[in-house]
**Q** 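Below you'll find the structure I mean.
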Amino acid sequence: GPTSVEMLKKSPFELCGISGFGFLRVDAIVRKTDNRLHDPIRIKGAVLCSLNSSRSEKGHLFLEKEVLQREALNLLNKTIPFPDQCLCMQEVAEVVEKLVLNGTVVLVKAKMCKQERDLKTGRLIQKIVMEDIIYRPNVFEQEDETARQIALRLTERQPQEQINSLLEKLKVQFNLMLSEKQEMGVKQAFQSSLSIITGPPGTGKTTVIKMIIELFRVLYPKSGIMLMAPTGRASRRMAESTGFEEARTMHNALRLSSEEAESHHSKEEELLSTGLIIVDEFSLVDMWLAKQFFTRLEKGTKLVLVGDVDQLPSVGAGNVLREMIQCGLVPVTVLDEIFRQAKDSFIPYNGKLINQGDTNLFYGNDFVFIPSAGQTETSEKLVEMYCQEIAQNGVERVQILSPFRAEGETSVNRLNAVIREIVNPFCSTEDEINVGIKTFRIGDRIMQTKNTEHVSNGDLGFIRSIEDTPNG
């Protein structure tokens, strides 16, 4: 807007909030005209950038005060060549104190679990200590309000339905066998206004969902049911596996687009008015989406959350499902008996062993260990295997998963860049377009990472054409 220039003159590090403008880049620009290294505005910029990047890049809702001050100090001194010009921790601590006092950040004293090594035994021991932790105000409000809404739901009294005989009839009707824990999950859904069903792939979570739906239809024939998931792909899988065609994305159900373009509808207009809501793949839900969801639930609605805490975490900040399970207040059913793929796949078994810390794994056609000396060799082998697989099966049916996003030769970013030049090499500048720091090319396989009116987060596709529009 018209005040942007004046605002940036007073607080140039606001630019750090724009994609592609990190602290070091903005700092380099500012220092060309104002080289006051110890300026509180510069220190404030480093503190806020450290807090924001920990959220966007690492998924942290907060940072411990000492960690935040240390990370900010590292940023401030990273490009200063002379030690006598470097800032000290006290300068950063004073700015952080002022930011707390004027409400720019929120300080909370919280119990934290710390790991320390016993000097006598050498074993790691866990200790509970009080720590000062720092939030951005909007992030603190998201977490605080979500916790309040969850607590309110847990205090709601639910009618205790006698479902044992009906459950047995439905098991016969649909020819379903339920394990003891699967039955516990079904019953818990009707005994509490909020419950969680968790377990690794193949443990029968979908079977439990189906039975909950059928029971609810018989008990409450006039009440509505909503099935939803965080991504378009997950919601479509949910519809296919349950036979319930109206599974939707959470963003669609809540009429949201993204955190950056938050909906302006009123809370009353967006209340989800239905009898039962089941959300699958809840481990993908971040704190922002959780807050939008829990604040829009109508009182009396039964809510069942389904997910695996050991699968992919949310793209945004927060580890909502794991925290809800670990708090010990929400009723949780853990499914651990493997049904699906049991006869012909080692993957679910090995997944369970790895989560238990057991390295005595099973190897076969679908689970192979390939030794490698380091990241460079691993990258070369991965690229070679990928090219062989897509030649046999097609690019749509082959996927590489990496635990690293940006660091090292086996990171997602590096592997994608290398594979792209082999699978979809450069032809002409007319076939490419630059968006920020990224370059897209006709023929690229891409993933949608934000929900829009027509495309859902997680949808995959190919760039077929690039066209200029009047808006650029």
Side-chain angles (χ1 to χ4, degrees), residues 146-174 176-200 203-229 238 241-244 247 250 253 271-283 285 290 293-309 320-337 339:
T146 301
R148 290 175 186 274
Q149 292 298 326
I150 291 171
L152 285 173
R153 299 205 69 76
L154 292 173
T155 60
E156 287 183 11
R157 289 191 174 185
Q158 291 288 309
Q160 299 299 302
E161 302 288 354
Q162 298 300 316
I163 65 171
N164 290 347
S165 59
L166 179 57
L167 180 58
E168 292 302 319
K169 289 180 182 178
L170 290 175
K171 283 162 61 177
V172 173
Q173 180 182 336
F174 292 99
L176 286 174
M177 293 288 292
L178 298 181
S179 69
E180 182 180 346
K181 288 191 176 181
Q182 284 177 312
E183 284 201 17
M184 284 174 55
V186 173
K187 292 176 181 178
Q188 191 65 69
F190 292 89
Q191 292 169 358
S192 175
S193 59
L194 168 61
S195 63
I196 294 174
I197 298 166
T198 185
T203 53
K205 296 189 291 293
T206 301
T207 301
V208 176
I209 292 174
K210 288 180 181 177
M211 188 55 68
I212 291 172
I213 291 171
E214 296 305 328
L215 269 170
F216 190 86
R217 280 173 168 164
V218 175
L219 291 170
Y220 307 100
K222 295 183 180 181
S223 290
I225 300 172
M226 282 188 185
L227 302 191
M228 58 183 76
M238 196 179 189
S241 62
T242 62
F244 194 93
M250 295 176 71
L271 285 177
L272 297 173
S273 179
T274 191
L276 170 67
I277 296 177
I278 303 176
V279 186
D280 199 8
E281 300 286 4
F282 201 78
S283 68
V285 174
F293 177 66
F294 280 104
T295 55
R296 288 166 172 77
L297 292 177
E298 196 170 63
K299 189 175 181 181
T301 300
K302 290 184 182 296
L303 175 61
V304 180
L305 307 179
V306 184
D308 178 6
V309 293
V320 182
L321 180 63
R322 184 181 294 276
E323 296 293 340
M324 289 180 67
I325 292 172
Q326 291 182 346
C327 77
L329 299 174
V330 182
V332 178
T333 303
V334 180
L335 305 179
D336 53 12
E337 183 179 347
F339 300 100

**Q** Under the 3.5 angstrom rule, does the side chain of Lys210 hit a backbone N or O of Ser241 as a donor-acceptor pair?
**A**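 It does hold such a pair.
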**Q** Just by modelled atom types, is the Gly307 backbone N or O under 3.5 Å from a matching donor or acceptor in the Thr198 side chain?
**A**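 Indeed, once roles are kept as given, a pair shorter than 3.5 Å links the two residues.
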**Q** To the nearest 0.5 Å, how far apart are CG in Leu335 and CD in Glu180?
**A**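 That separation rounds to 11.5 Å.
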**Q** At their closest point, which heavy atom of Phe216 faces which heavy atom of Gly275, and how far apart are they?
**A**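 Heavy-atom minimum between the residues: CZ-C, 3.6 Å.
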**Q** Just by modelled atom types, is the Gly199 backbone N or O under 3.5 Å from a matching donor or acceptor in the Lys205 side chain?
**A**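 Judged by distance alone, yes, a pair lies under 3.5 Å.
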**Q** Check this for me: does any side-chain nitrogen of one of Glu183 and Lys171 sit under 4.0 Å from a carboxylate oxygen of the other?
**A**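 Yes.
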**Q** Does Ser192 use its side chain to pair, donor to acceptor, with the backbone of Gln188 at less than 3.5 Å?
**A**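 It does not hold such a pair.
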**Q** Check whether Arg153 reaches the backbone of Thr301 with its side chain - one donor and one acceptor, N or O, closer than 3.5 Å.
**A**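 Pair found, side chain donor or acceptor close to backbone of Thr301.
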**Q** Parallel under 30°, tilted from 30 to 60°, perpendicular over 60°: which one fits the rings of Tyr220 and Phe190?
**A**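 It falls in the parallel class, under 30°.
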**Q** Please examine the side chains of Phe294 and Ile150, heavy atoms only from C-beta on, and report whether any two atoms are closer than 4.5 Å.
**A**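 Ile150 reaches Phe294 side chain to side chain.
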**Q** Rounded to the nearest 0.5 Å, how far does CG of Leu303 lie from CD of Glu156?
**A**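 Glu156 CD to Leu303 CG: 10.0 Å, rounded to 0.5 Å.
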**Q** Going through the distances and angles, do Ile278 and Met228 end up as a side-chain contact (heavy atoms from CB on, under 4.5 Å)?
**A** CA-CA 6 Å; Ile278 303 176; Met228 58 183 76; over 6 Å; no
**Q** Do Asp336 and Thr203 make a side-chain contact, defined as non-hydrogen atoms from C-beta onward lying under 4.5 Å apart?
**A**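 Of all side-chain heavy-atom pairs linking Thr203 with Asp336, none is under 4.5 Å.
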**Q** Tell me the closest heavy-atom pair linking Met250 and Val285, and the distance in Å.
**A**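 The pair with the smallest heavy-atom distance is SD-CG2, 3.6 Å.
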**Q** Is there a side-chain contact between Leu194 and Lys302, using heavy atoms and a 4.5 Å cut-off?
**A**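 Leu194 does not reach Lys302 side chain to side chain.
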**Q** Between Met238 and Val279, which heavy-atom pair has the shortest distance, and what is it?
**A**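 It is CE-C, 4.5 Å.
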**Q** What's the verdict on side-chain contact (heavy atoms from CB on, under 4.5 Å) for Thr333 and Ile196, showing C-alpha distance, side-chain angles and the deciding distance?
**A** CA-CA 6 Å; Thr333 303; Ile196 294 174; over 6 Å; no
**Q** Can any side-chain N or O of Thr274 pair as donor or acceptor with the backbone N or O of Gly224 at less than 3.5 Å?
**A**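 Yes, the answer is positive, given that a donor and an acceptor are paired below the 3.5 Å cut-off.
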**Q** Are any of the side-chain heavy atoms of Val218 and Leu166 separated by less than 4.5 Å?
**A**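 A side-chain contact under 4.5 Å exists here.
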**Q** Would you check if Phe282 and Val306 make a side-chain contact, meaning some heavy-atom pair closer than 4.5 Å?
**A**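 Phe282 vs Val306: side chains apart.
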**Q** May I ask you to decide if Gly204's main-chain N or O and Gln182's side chain share a donor-acceptor pair within less than 3.5 Å?
**A**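 Yes; judged by distance alone, with no hydrogens or angles, the pair exists.
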**Q** Does the side chain of Leu227 reach to within under 4.5 Å of the side chain of Ile213, using non-hydrogen atoms?
**A**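 Answer yes - side chains close enough.
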**Q** Might you work through the side-chain contact (heavy atoms from CB on, under 4.5 Å) test for Ile325 and Val330, ending with a clear yes or no?
**A** CA-CA 7 Å; Ile325 292 172; Val330 182; over 6 Å; no
**Q** In Å, rounded to the nearest 0.5 Å, how long is the span from CG of Leu170 to CG of Leu176?
**A**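 If we round to the nearest 0.5 Å, Leu170:CG and Leu176:CG are 9.0 Å apart.
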**Q** Do the side chains of Val334 and Val332 get nearer than 4.5 Å, heavy atoms only?
**A**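 Yes, their side chains come closer than 4.5 Å.
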**Q** Should the heavy atoms of other residues, nucleotides or ligands under 6.0 Å from CD of Gln173 be counted, would the total exceed 12?
**A**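 Yes, because the 6.0 Å sphere around CD of Gln173 holds more than 12 heavy atoms from other groups.
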**Q** Check the pair Glu168, Asn164 against side-chain contact (heavy atoms from CB on, under 4.5 Å), reporting the backbone distance first and the verdict last.
**A** CA-CA 6 Å; Glu168 292 302 319; Asn164 290 347; 5.8 Å; no
**Q** To the closest 0.5 Å, what do you measure between CG (Leu215) and NZ (Lys169)?
**A**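 It is 12.0 Å, given to the nearest 0.5 Å.
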**Q** Nearest 0.5 Å please: distance from the CG atom of Leu167 over to the CD atom of Glu214.
**A**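 Reported value, rounded in 0.5 Å steps: 12.0 Å.
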**Q** Restricting to non-hydrogen atoms, name the atom on Leu272 and the atom on Phe293 that form the minimum distance, rounded to 0.1 Å.
**A**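 Leu272 and Phe293 have their closest heavy atoms at CD1-CE1, 4.0 Å.
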**Q** Nearest 0.5 Å, please: how far is OG in Ser223 from CG in Leu276?
**A**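 That separation rounds to 9.0 Å.
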**Q** Could you check Ser273 against Glu298 for side-chain hydrogen bond (donor to acceptor under 3.5 Å, both in side chains), going step by step and ending with a plain yes or no?
**A** CA-CA 6 Å; Ser273 179; Glu298 196 170 63; 3.1 Å; yes
**Q** Counting only N and O atoms by type, is there a donor-acceptor contact under 3.5 Å from the side chain of Arg322 to the main-chain atoms of Val309?
**A**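 Checked: pair present.
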**Q** Is there a donor-acceptor pair under 3.5 Å between the side chain of Gln149 and the backbone N or O of Thr295?
**A**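 The answer is no, because no donor-acceptor pair under 3.5 Å joins these two groups.
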**Q** What pair of heavy atoms forms the shortest contact from Ser193 to Leu154, and how long is it?
**A**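 Shortest heavy-atom separation between Ser193 and Leu154 comes out as OG-N, 4.2 Å.
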**Q** Hey, are the side chains of Ile209 and Thr207 touching, using non-hydrogen atoms and a 4.5 Å cut-off?
**A**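 The answer is no; the side chains never approach within 4.5 Å.
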**Q** Where do Val304 and Ala189 come nearest, in terms of heavy atoms and distance?
**A**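 Closest pair (atom of Val304, atom of Ala189, distance): CG2-CB, 3.7 Å.
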